[in-house]
Protein chains: 2
Amino acid sequence: MNEPLRLLLVDDHPVVRRGLRAMFDERSDMLVVAEAGDGRAALDALADTSVDVVLMDLRMGSGTDGVTATGRITALPDPPAVLVLTVYDTDADILAAVEAGATGYMLKDSPPEQLAQAVRSAARGETALGPNVAARLFERLRGPEEALSPREVEILRMLGQGLSNRALSRELFISEATVKTHLVHIFDKLGVDNRTAAITTAIQRGIIRPTP
Amino acid sequence: MNEPLRLLLVDDHPVVRRGLRAMFDERSDMLVVAEAGDGRAALDALADTSVDVVLMDLRMGSGTDGVTATGRITALPDPPAVLVLTVYDTDADILAAVEAGATGYMLKDSPPEQLAQAVRSAARGETALGPNVAARLFERLRGPEEALSPREVEILRMLGQGLSNRALSRELFISEATVKTHLVHIFDKLGVDNRTAAITTAIQRGIIRPTP
DNA sequence: CGGGGCATCAATCGTTCGATTGACTTTCGC
DNA sequence: GCGAAAGTCAATCGAACGATTGATGCCCCG
């Protein structure tokens, strides 16, 4: 097969798209056939462009995010492979991307040759994982994390603002005993035994954001 | 003046450097004269290359970080202007960069024309601030945050793992009373009144990272 | 030299936390 | 219909937290 791999670049950063295009333009076995600034634009591009591999950023400032777009792309008939590219990730990001059907996950600071190699692997349907990503996936598969209920996430968010159980109960119009019960469940699911560790773990896993 | 602005690109992401170079190569009033993957390499490049504007990433995976490098560059005799470029920032990042002497601060998702404009402003010695950055600087100037001592930061880091005061005192070989004293100071400086809020605030400000 | 900052320490006390045990109601899927 | 999950609630009790007051010692700088 001597036809170049047709690539679609999806990233909200013009600089990054430009850099990727320049890099792949130098490779005779690869051809950038389209670019998109968010997931929606990526899906639009796929409607009238044949693509072998999509290079997808997970975090976009606005528009359809990378995980949702990945899910939709891989649900297409005869979908292209999706190689996720990102700067930094939380455990939740990695898992979400893999569950959405991405066949590869690389960090943006990977050297150009590694990136090109990952693109080729993805085109062949092989999994391409950047450093550390494989290890974290294995860890996740070994001990799958239990999902928190919506109520539990809501309580976690408020907990991070430093509210006492009593203040929480007032804000949510429930009893303090109920707050405590939810906390017991939250601690169990996160594998911690106090609120402070719960907050740190939740932020690290991307369950909540650090907004005081 | 018809000579092009001489630019030095400093970023640990090859993709980003490549994209920036491609963008500036198109502008007749700008010339990329060097690239560097970290702050140290940037200083080396400046030793034998004349540069008008340095485009500096703040976060590098390894090597000398952007803030330190900015400080050293602006301490040079007849230094080039430093325009900081980053993806995401914490309050501490912004303040550190400005205090280190940067004359501009832009987010990487800025459109190419805005970036070019910021480079021209920096070259003229004018301040170039991206969206939201100015507002946050004003907020900081209104109520400057107190810096935590190294010991306080150390204690904050361990606090985030959920350690009780007693466990902390054991790990640090100090009394529990000392731990409590440090915490009182930490709470005062962060403007909070309990450990949980302290952790959230510290993570948000970039003082510590969420590593459970 | 004196003051400020940092690190260290003690004791007291009221409040809050977390574990525990037990229970009830509603909804959904098998 | 039954069981599981989610949400709700109560009471008890020991441990831990945070505020407070007060103190000492060291180092650095004006």
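Scope of the values below: all heavy atoms of this structure, side chains included, with no hydrogens, waters or symmetry mates. Quick note on labels: first sequence line is chain A, next is B, and so on, each numbered from 1.
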> Quick one: A/Asp188 CG to D/dA6 P, roughly how many Å, whole number?
Replying inline: 13 Å

> Rounded to the nearest Å, what distance is computed from the CG atom of residue B/Leu172 to the P atom of nucleotide C/dC6?
Replying inline: 17 Å

>> If you compare every side-chain N and O of A/Ser149 against the phosphate oxygens of D/dA5 (OP1, OP2), does one of them come in below 4.0 Å?
In response: no

> Quick one: B/His185 NE2 to D/dT21 P, roughly how many Å, whole number?
Replying inline: 13 Å

> From D/dC9, C/dC9, D/dA6, pick the nucleotide closest to the side chain of A/Ser175?
Replying inline: D/dC9

> Rounding to a whole Å, what distance do you find between A/Leu168:CG and D/dG7:P?
Replying inline: 14 Å

>> Heavy atoms from C-beta onward define the side chain here; which of D/dA19, C/dA10, D/dA6 lies closest to that of B/Val184?
In response: D/dA19

>> Can a side-chain donor-acceptor contact be found between B/Thr178 and B/Thr181 if the only test is distance below 3.5 angstrom?
In response: no

> A/Arg151 side chain N/O closer than 4.0 Å to the phosphate oxygens (OP1, OP2) of D/dA5?
Replying inline: no

>> Counting only heavy atoms from other residues, nucleotides and ligands, does the tally under 6.0 Å from CZ of A/Arg166 exceed 12?
In response: no

> Is A/Ser164 near enough to C/dT15 that one of its side-chain N or O atoms lies under 4.0 angstrom from OP1 or OP2?
Replying inline: no

> Passes side chain to side chain contact (heavy atoms under 4.5 Å, CB included), B/Leu190 versus B/Ile186? Steps please.
Replying inline: CA-CA 6 Å; B/Leu190 296 183; B/Ile186 288 168; 3.9 Å; yes

> Just checking, is any N or O donor in the side chain of A/Asn194 or B/Arg195 under 3.5 Å from an acceptor N or O on the other one?
Replying inline: no

> Does B/Asn165 place a side-chain N or O at less than 4.0 Å from the phosphate oxygens OP1/OP2 of D/dC17?
Replying inline: yes

> Whole Å only: how far is the CG atom of A/Asp193 from the C1' atom of D/dA15?
Replying inline: 12 Å

> C/dC17 phosphate, OP1 or OP2: any side-chain N/O from B/Arg195 under 4.0 angstrom?
Replying inline: no

>> Strictly below 4.0 Å: does B/Arg166 bring a side-chain N or O up to OP1 or OP2 of D/dA15?
In response: no

> Quick one: A/Lys180 NZ to D/dT12 P, roughly how many Å, whole number?
Replying inline: 12 Å

> When the distance from CG of A/Asn194 to P of C/dT16 is rounded to whole Å, what number comes out?
Replying inline: 18 Å

>> If the threshold is 4.0 Å, N to carboxylate O, is there a salt bridge linking A/Arg151 and A/Glu154?
In response: yes

>> Less than 4.0 angstrom between a side-chain N/O of B/His182 and OP1 or OP2 of C/dT8, yes or no?
In response: yes

>> On DNA chain D, does the nearest nucleotide to A/Glu152 precede the nearest nucleotide to B/Glu176 from the 5' side, or the other way round? Give the residue.
In response: A/Glu152

>> Given D/dA6, D/dC9, C/dA19, identify the nucleotide with an atom nearest to the side chain of A/Ala177.
In response: D/dC9

> Can you name the one residue among B/Val54, B/Leu20, B/Leu9 that meets side-chain contact (heavy atoms from CB on, under 4.5 Å) with B/Leu85?
Replying inline: B/Leu20

>> Assuming nearest nucleotide by heavy-atom distance, tell me which of A/Thr196 and B/Ile155 is located more 5' along DNA chain C.
In response: B/Ile155

>> What's the closest nucleotide to the side chain of B/Lys189 if the choices are C/dG18, C/dC6, D/dA6?
In response: C/dC6

> For the pair made of CD1 in A/Ile174 and P in D/dT8, what is the distance, rounded to whole Å?
Replying inline: 5 Å

> From the list D/dA19, C/dG18, D/dT8, which nucleotide is the closest neighbour of the side chain of B/Phe187?
Replying inline: D/dA19

> Quick one: is C/dC9 close enough that its OP1 or OP2 comes under 4.0 Å of any side-chain N or O from B/Thr178?
Replying inline: yes

